[in-house]
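Structure first, commentary second.
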Amino acid sequence: MNLIEVRDYTEMSQKAAEYIIEKVRRIPNIKLGLATGGTPIGTYQNLIEDHQKNKTSYQNVLTFNLDEYVGLSGDNQNSYRYFMNDKLFNHIDIDKNNTFIPCGNVEDIEAECQRYEELIHHHGGVDLQVLGIGSNGHIGFNEPGTSFTSKTHVVNLTASTIEANARFFNSKEEVPTKAITMGISSIMKSKEILLLISGEKKREAMQKLLHAEVTESFPASILRNHPSVTIIADQAALAKS
Ligand code: PGA
């Protein structure tokens with residue numbers, strides 16, 4: 001794993017955006033795996049600013065998001081579809097038909113998981129997957145204990161994840177208890193991974209990622225077995241501030 005150390009969240013967001021922009025300019029039909037949560041918001045803002053200033057085009061880019069809450073429709077402000085439209089897609093020249101996110105409010109959730117996995121495969125897989133990490137080591141919504149062989153599947157969110165995500169909702173009770181997520185094996189199939197880690201709250205996760213054994217009880221540890229991972233981490237996460 002290649003570790004890039006940066007000062008703070010601002011610098012992490014700039015570096016991550018530069019990394020993505022360079023790829024998009026070189027491979028205009030790149031397939032990007034995208035993430036939600038607090039971590040990538042600054043990166044997306046930088047992509048938008050660059051698009052406006054330098055006209056980097058996303059017309060031929062395809063995107064696949066990691067996950068979506070079960071039970072929320074795309075126009076619900078807390079859905080990840082809404083998040084992605086609001087934080088990125090509405091502000092760049094991407095064709096929304098080329099932006100894929102699991103559908104959280106379908107009747108047959110299992111069929112939706114299978115459809116999504118096949119969809120990624122059908123398009124030839126993700127070239128560059130942007131990832132955050134949960135303080136419990138989750139990637140996507142793959143909580144500790146998830147099988148490393150898992151494909152896109154339904155998960156019960158852990159109490160700590162519900163707690164962490166409650167900040168986006170009016171109350172903890174409103175946070176859905178289930179989600180659809182790309183599995184660990186789906187994520188590992190991505191040709192390249194860009195992992196963003198910022199803040200003191202991620203310190204323990206950062207240490208475990210770098211030093212703990214590869215174990216399903218800390219899902220992100222599997223990334224040590226991926227041939228092409230770049231981590232951009234700030235000083236607070238690296239316990240250097
Ligand atoms: P965060 O979440 O970016 O909101 O910290 C990261 C994650 O849970 O993967």
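Just so you know, ligand 1 is whichever comes first in the structure, and atom 1 is the first atom listed for that ligand. Atoms considered below: every heavy atom in the structure, side chains included; atoms not considered: hydrogens, waters and symmetry mates.
We find that E213 and K208 are not joined by a salt bridge, their nearest charged nitrogen and carboxylate oxygen being 4.0 Å or further apart.
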*salt bridge (Lys or Arg N to Asp or Glu O under 4.0 Å) assessment of E22 paired with R26*: CA-CA 6 Å; E22 190 274 328; R26 202 151 39 83; 2.7 Å; yes
*Run the side-chain contact (heavy atoms from CB on, under 4.5 Å) check on L47 and I21 step by step: do they pass?*
CA-CA 7 Å; L47 294 184; I21 290 162; 3.6 Å; yes
*Evaluate side-chain contact (heavy atoms from CB on, under 4.5 Å) for L66 paired with L131, printing each intermediate quantity in order.*
CA-CA 9 Å; L66 285 167; L131 272 188; 3.6 Å; yes
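Centroid-to-centroid, the aromatic rings of Y69 and F169 come within less than 6.0 Å.
A tilted orientation is assigned to the rings of H123 and F64, their planes being inclined by 30° to 60°.
Within 4.0 Å of ligand 1, protein heavy atoms belong to G37, G38, T39, G132, I133, G134, H138, R167, K202, listed by chain and number.
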